[in-house]
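Shown next, in structure tokens, is the structure this report addresses.
Just so it is clear: chains get the letters A, B, ... in the order the sequence lines come, proteins before strands, and each one is counted from 1. Because the structure is a prediction, the values reported are computed rather than measured.
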Protein chains: 2
Amino acid sequence: MTLNEKITRNGFRLTAPRKKILSILAIQQQPISFDEYTLLDPTIDKSTFYRTMQSFESVRIINGIESDTGKRYFELTETIHPHFICQHCHSIVCLPSQPPIALQGYSIESVIYKGVCPQCLK
Amino acid sequence: MTLNEKITRNGFRLTAPRKKILSILAIQQQPISFDEYTLLDPTIDKSTFYRTMQSFESVRIINGIESDTGKRYFELTETIHPHFICQHCHSIVCLPSQPPIALQGYSIESVIYKGVCPQCLK
DNA sequence: ATTTTAATGCAACTTAGTTGCAATAAACCT
DNA sequence: AGGTTTATTGCAACTAAGTTGCATTAAAAT
């Protein structure tokens, strides 16, 4: 199922702002915040952006990550992978996929590690 | 090193609001938010609470966790353990301690799993 | 006991994200 | 294709969480 099918089959309309959001998120190496997104697409409206994130999160097109800066970061959920948040420089890094963790009774969808990144440890 | 020593040796003063915060956090089963804290101690001032969290986080007396509700949750860092955040009911659960994860070059201080909890899966 | 200075408590502020609503435009239907 | 329906947009106003400035208070050092 392509991304566009995922959208239309879930009853969402494929609009211009949504296409742009998806095309921009598709080329990111890390999750990005609304602030970072507006630098790449200054025409976007705040509420359109956040509403799109909510809609697409609800059908697992997008994955949101809470930073310790009080902002949310977003990425496409193409390949599931863990993330690392540096508590010193607050960067969010995608980590290589790892074998899924099993936890009796729980459905685990993502993993976040917090700590200090190699650069900040120096 | 006791908790009080940890506080005074880091140059912090052992004040009445701080003692109360610590005594209340000490008897929690899960991390709590400012809202939840005020129910247990209605005399606390918002800025005193948050400033205490910041100070004590900086010296690892307290561990903060970002929920997907846009709130931060706090707990004492006595025993390090992972947490689970349910994306459906937004509860935060302490999980039993697990063998530490190694990640080349990184210092990992905590792990958060996100997904759906057993109750919500039913 | 006095002095020093960190911490408190209040009010005002900031910032991220949400909401209401009229206008717009996908997608559906002959 | 043209008309209709209804989801989505874009704007402004709002909310909620957390922060900041500052005068006052009280730990702790002398």
Any chance you could lay out the side-chain hydrogen bond (donor to acceptor under 3.5 Å, both in side chains) test for Asp35(A) and Ser33(A), step after step, and finish with the verdict? CA-CA 5 Å; Asp35(A) 281 1; Ser33(A) 66; 5.1 Å; no
Test salt bridge (charged side-chain N to carboxylate O under 4.0 Å, His left out) on Arg72(A) and Glu57(A) and set out the steps. CA-CA 12 Å; Arg72(A) 303 196 73 218; Glu57(A) 255 196 300; 3.2 Å; yes
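- Taking atom CE of Met53(B) as the reference point, atom P of dT19(D) lies 12 Å away to the nearest angstrom.
- The nearest whole Å value for the distance from the OH atom in Tyr50(A) to the P atom in dG10(D) is 16 Å.
- Of all nucleotides in DNA chain C having an atom under 4.0 Å from a heavy atom of chain A, the first and last in 5' to 3' order are dA16(C) to dA27(C).
- If you check the side chains of Asp41(B) and Thr43(B), you find a donor sitting under 3.5 Å from an acceptor.
- Crowding of Ile80(A) atom CD1: a count of heavy atoms from other residues, nucleotides or ligands under 6.0 Å not exceeding 12.
- Under the 3.5 Å distance criterion, the side-chain polar atoms of Thr77(B) are left unmatched by any main-chain donor or acceptor of Asn63(B).
- Cys120(B) and Cys89(B) get closest at one heavy-atom pair: SG-CB, 3.5 Å.
- Between Phe49(A) and Phe74(A), the ring planes are perpendicular. Angles over 60° get that label, and only those under 30° would be called parallel.
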Nucleotide by nucleotide, nucleotides 21-28 of chain D touches protein heavy atoms under 4.0 Å in the pattern (B base, S sugar-phosphate only, - none) BB---BBS
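- Panel note: side chain Arg18(A), backbone Arg13(A); a donor-acceptor pair is recorded below 3.5 Å.
- Regarding Tyr37(B), its OH atom lies at a distance of 18 Å from the C1' atom of dA17(D), rounded to whole Å.
- Contact detail for Ile85(A) and Glu66(A): the closest heavy-atom pair is CD1-O, 3.6 Å.
- Closest approach of Cys86(B) and Asp68(B) over heavy atoms only: O-OD2, 4.2 Å.
- Listed by first and then second residue, the ring pair (Phe, Tyr, Trp, His ring centres under 6.0 Å) pairs involving residues 89-122 of chain B are Phe84(A)-Tyr106(B) (not counting sequence neighbours).
- Overall bending of the helix from dA1(C)-dT30(D) to dT30(C)-dA1(D), expressed as the angle between end axes built from five pairs apiece, is 50° (10° steps).
- By the neighbour-count criterion of 12 heavy atoms within 6.0 Å, atom CD of Glu5(B) is densely surrounded, having more than that number from other residues, nucleotides or ligands.
- Listed by residue number, the members of residues 19-29 of chain B with any heavy atom below 4.0 angstrom from DNA chain C form an empty set.
- Atoms CZ (Phe49(B)) and P (dA17(D)) sit 12 Å apart, rounded to a whole Å.
- Between Phe56(B) and Phe12(B), the two ring planes are perpendicular [angle over 60°; tilted spans 30° to 60°].
- Taking all atoms of both residues into account, the shortest heavy-atom contact from Gln29(B) to Cys94(B) is O-SG, 3.5 Å.
- Look at CG on Asp41(A): it is 13 Å from C1' on dG10(D), rounded to the nearest Å.
- Counted by atom type alone, Glu75(B) and His83(B) present one or more donor-acceptor pairs between their side chains at under 3.5 Å.
- Near-neighbour residues of DNA chain C inside residues 65-73 of chain A, defined by a heavy atom below 4.0 Å, number-ordered: Gly70(A), Lys71(A), Arg72(A).
- At least one side-chain nitrogen or oxygen of Arg18(A) sits closer than 4.0 Å to the OP1 or OP2 atom of dT9(D).
- A donor-acceptor distance shorter than 3.5 angstrom exists from the side chain of Gln28(A) to the backbone of Ile24(A), with no hydrogens or angles considered.
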